[in-house]
Amino acid sequence: MLHPALNSARACIFDAGGTLVHPDWPRLSHIAEKVSGRAFEPSEMGRAFGEMLRAVGIEMQREGFVLADDMKRPHWTFLRMYGALGLDEVTCESVVKDLDGAHLERHLWCGVDSEVPRVLDELKRQGLLLAVISNTEDGRLIDSLDASGITDRFDLLIDSHIVGHRKPDAAIFRLALERLELDAAEAAYIGDSYVHDALAAQAIGLRGILLDPLDLHSESVCPRVRSLSELIKGSA
Ligand SMILES: [Mg+2]
């Protein structure tokens with residue numbers, strides 16, 4: 001049995017970062033420690049990152065989704081996260097410089113929860129098309145999925161940097177639907193950003209689902225799941 005939001009759906013479309021793939025927290029901690037002498041626990045970074053994204057969502061909704069200047073920089077999310085963890089500005093800049101090099105060697109978003117392959121395989125087994133729509137800063141969605149070992153499970157990948165539209169713009173969701181040859185109501189979209197993923201998808205008629213592992217979004221009008229395995233709860 002699939003999650004009720006997937007009832008008779010023909011496709012399940014995923015956000016990538018924070019949904020299918022996660023930052024390589026041990027590497028991010030190691031780099032911070034090398035530069036600043038401070039190491040962070042993955043859970044500590046995950047929470048700071050989640051809270052930062054929630055605040056960014058609220059801020060962007062208020063500003064009409066105009067990107068602030070610092071959001072045009074590579075790794076701006078990590079820059080803000082390290083700041084929230086108490087590193088000063090100069091240290092944050094040094095850490096992010098080292099992140100650049102590390103990211104070139106291997107995509108920083110290469111962590112994948114152990115449940116993910118199983119969830120994708122079960123959805124596939126139940127006949128759903130699987131796709132990804134991701135906002136990237138550098139057009140490297142495929143590197144991220146390759147490093148995570150899950151690329152071959154998808155029927156369609158849409159990278160904002162390549163197609164020239166970004167979530168929450170309806171155009172990027174419509175492009176995916178067009179390529180999948182589906183109507184909006186036939187597809188579910190799941191992501192960890194309330195405004196860029198769940199609400200944006202729902203606004204154009206997809207079944208928006210919010211992945212909210214830390215229970216940060218009690219305001220959500222979209223169904224929420226704590227983990228991707230809830231999509232296939234009761235199945236195989
Ligand atoms: Mg995300």
Side-chain angles (χ1 to χ4, degrees), residues 5 12-25 28 42 45-61 65 67-68 71-81 84 103 107-113 115-116 119-120 130-145 147-148 150-151 154 156-163 165-170 172-173 176 187-203 206-217 219-220 222-231:
C12 189
I13 311 175
F14 294 83
D15 163 53
T19 301
L20 291 168
V21 293
H22 300 286
D24 185 348
W25 295 128
L28 286 164
M45 287 188 288
R47 175 158 288 276
F49 198 79
E51 286 171 353
M52 178 276 299
L53 285 184
R54 182 178 191 280
V56 165
I58 293 169
E59 180 188 326
M60 291 196 76
Q61 217 170 10
F65 298 101
L67 290 181
M71 292 180 182
K72 294 172 187 160
R73 297 185 48 183
H75 312 304
W76 66 270
T77 51
F78 296 133
L79 196 64
R80 286 197 181 194
M81 176 196 76
H103 183 58
H107 204 287
L108 285 172
W109 291 76
C110 61
V112 65
D113 290 335
E115 67 186 10
V116 169
V119 170
L120 297 175
L130 301 181
V132 180
I133 300 176
S134 174
N135 282 357
T136 74
E137 297 157 3
D138 52 13
R140 289 180 59 198
L141 168 64
I142 195 154
D143 288 348
S144 167
L145 299 179
S148 310
I150 54 174
T151 312
F154 295 98
L156 174 70
L157 304 178
I158 304 258
D159 182 322
S160 67
H161 194 80
I162 294 171
V163 301
H165 304 289
R166 292 178 68 80
K167 297 177 287 183
D169 187 344
I172 198 164
F173 295 100
Y189 186 85
I190 178 158
D192 67 313
S193 165
Y194 182 43
V195 296
H196 292 82
D197 294 320
L199 271 186
Q202 193 187 59
L206 288 105
R207 308 155 187 216
I209 306 171
L210 178 64
L211 176 64
D212 187 12
L214 300 175
D215 196 18
L216 296 174
H217 294 275
E219 77 277 21
S220 177
C222 301
R224 287 190 295 162
V225 294
R226 296 291 293 261
S227 77
L228 292 183
S229 61
E230 287 181 40
L231 296 178

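We count residues from 1, following the sequence as given. As the structure lists them, so they are numbered: ligands from 1, and atoms in each ligand from 1.
- Less than 6.0 angstrom separates the ring centroid of Phe78 from the ring centroid of Phe49.
- Of all N/O/S atoms in Asp15, OD2 sits nearest the Mg ion (ligand 1).
- A donor atom on one side chain and an acceptor atom on the other are found under 3.5 Å apart for Thr136 and Asp159.
- Per residue Asp192, closest N, O or S atom to the Mg ion (ligand 1): atom name OD1.
- For the Mg ion (ligand 1), the set of nearby N, O or S atoms under 2.8 Å includes none belonging to Gly191.
- Here Asn135 pairs with nothing under the side-chain hydrogen bond (donor to acceptor under 3.5 Å, both in side chains) rule; sequence neighbours left out.
- Residues satisfying the side-chain hydrogen bond (donor to acceptor under 3.5 Å, both in side chains) criterion with Ser220, sequence neighbours excluded, are absent altogether.
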